[in-house]
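Please read the structure below before turning to the comments.
Below, read A as the first sequence line, B as the second, and so on, with proteins coming before strands; counting in each chain starts at 1. Below, each value reflects all heavy atoms present in this structure, side chains not excepted, and no hydrogens, waters or symmetry copies.
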Protein chains: 2
Amino acid sequence: MNSKLFRGSLDTIIIKLLSENEAMYGYEITQKVKEMTEEQFKITEGALYPALHRLEAKGLLDTETKHIGNRYRKYYKLTEKGEKEVSTMLSDMAQFIQGLQLVFKTQPIKS
Amino acid sequence: MNSKLFRGSLDTIIIKLLSENEAMYGYEITQKVKEMTEEQFKITEGALYPALHRLEAKGLLDTETKHIGNRYRKYYKLTEKGEKEVSTMLSDMAQFIQGLQLVFKTQPIKS
DNA sequence: TTTTTATGTATAATATTCTTATGTATATTT
DNA sequence: AAATATACATAAGAATATTATACATAAAAA
């Protein structure tokens with residue numbers, strides 16, 4: 001897919017996943033999104049890690065590092081502040097999707 | 001709406017409108033999109049005009065200037081090359097919208 | 001009649017975010 | 001043994017947006 005379209009949605013995707021999962025690490029997020037979208041959204045590390053760091057710097061995410069054997073994983077979870085912003089971000093996204101549907105008159109998926 | 005989400009979709013929106021209308025001028029595009037999306041998408045001039053110029057530079061659009069009284073308007077229309085890219089861009093967009101729906105499980109609009 | 005709002009195009013400085021490439025390292029599969 | 005998957009990270013550069021500014025005419029409102 002043309003990944004240019006994807007621009008601007010990454011933060012909201014991360015926040016959405018973390019609102020449904022207690023804690024996730026970066027690589028897990030990329031795999032989960034790939035799986036959910038049937039291979040359509042492929043998040044690159046160059047986009048993901050800076051995004052996670054930005055969200056952390058904004059105070060929306062906290063981290064916890066865990067050692068698995070000789071390696072480490074950095075788990076991210078929503079802060080209280082992050083939790084509070086979830087509903088706004090999701091309704092902005094819902095509006096955005098609806099706007100795109102209005103412009104492009106796509107057939108919605110069956111729910 | 002959070003206009004950050006909007007990033008990346010502008011070119012495709014312009015191309016879509018021009019595929020349905022023989023020729024349009026910049027201001028007309030902003031108004032049409034605002035109307036179609038029930039005020040949700042507000043394209044700023046600072047985003048629009050550079051985008052139109054880029055698409056022209058890429059050979060996807062041609063322009064025609066018309067004088068209306070003491071003023072001028074610059075009409076944009078798809079080139080042959082532009083016409084050829086419409087279907088790809090629209091199917092990329094359809095996939096993108098579907099991907100967003102899969103991640104966010106939004107309620108579709110009634111068609 | 002003066003002021004505000006709408007119509008209309010354009011650019012420049014700055015900010016943001018993405019792509020692409022690179023780096024490092026362990027674990028697992030072939 | 002080599003290739004692939006897992007895992008995090010950053011830097012240079014590209015692309016595109018925001019915000020402000022500029023100029024100008026037309027129409028509507030005060």
Considering every strand and a 4.0 Å limit on heavy-atom distances, what is the contact class for B:Tyr76: base, sugar-phosphate, or nothing?
sugar-phosphate
Report the nucleotide, chosen from D:dA7, D:dT25, C:dT19, that has the shortest atom-to-atom distance to any side-chain atom of B:Arg71.
D:dT25
On a heavy-atom basis, which atom in B:Ala51 and which in B:Leu10 lie closest, and how many Å separate them?
CB-CD2, 3.8 Å
Picking from D:dT19, C:dT7, C:dA10, which would you name as closest to the side chain of B:Thr44?
D:dT19
Within the structure shown, what part of the strands sits under 4.0 Å from A:Phe6 by heavy-atom distance: base, sugar-phosphate, or nothing?
nothing
Test: B:Glu28 and B:Lys32 ion pair at under 4.0 Å:
no
Among C:dC18, D:dA7, D:dT16, the one nearest any side-chain atom of A:Arg73 is D:dA7
Of the nucleotides C:dT9, D:dA17, D:dC8, which has the atom closest to the B:Lys74 side chain?
C:dT9
Have a look at A:Gly26 and say if it touches a base, only the backbone sugar-phosphate, or nothing, with a 4.0 Å heavy-atom cut-off.
sugar-phosphate
Strictly below 4.0 Å: does A:His53 bring a side-chain N or O up to OP1 or OP2 of D:dT10?
yes
Per B:Ala47 side chain, nearest of listed nucleotides C:dT9, D:dT16, D:dT18:
D:dT18
Please confirm whether the shortest side-chain N or O distance from B:Lys4 to OP1 or OP2 of D:dA17 is below 4.0 Å.
no
From the list D:dT16, C:dA10, D:dC8, which nucleotide is the closest neighbour of the side chain of B:Tyr72?
C:dA10
Is any side-chain N or O of B:Arg7 closer than 4.0 Å to OP1 or OP2 of C:dC18?
no
Given the side-chain rings of A:Phe96 and B:Phe6, with only the six-membered ring counted for Trp, is the space between their centroids under 6.0 Å?
no
Determine the contact category for B:Glu45: base if any of its heavy atoms lies under 4.0 Å from a base atom, sugar-phosphate if only primed atoms, P, OP1 or OP2 are that close, otherwise nothing.
base
B:Asn70, nearest nucleotide to its side chain (from D:dA7, C:dG8, D:dA26)
D:dA26
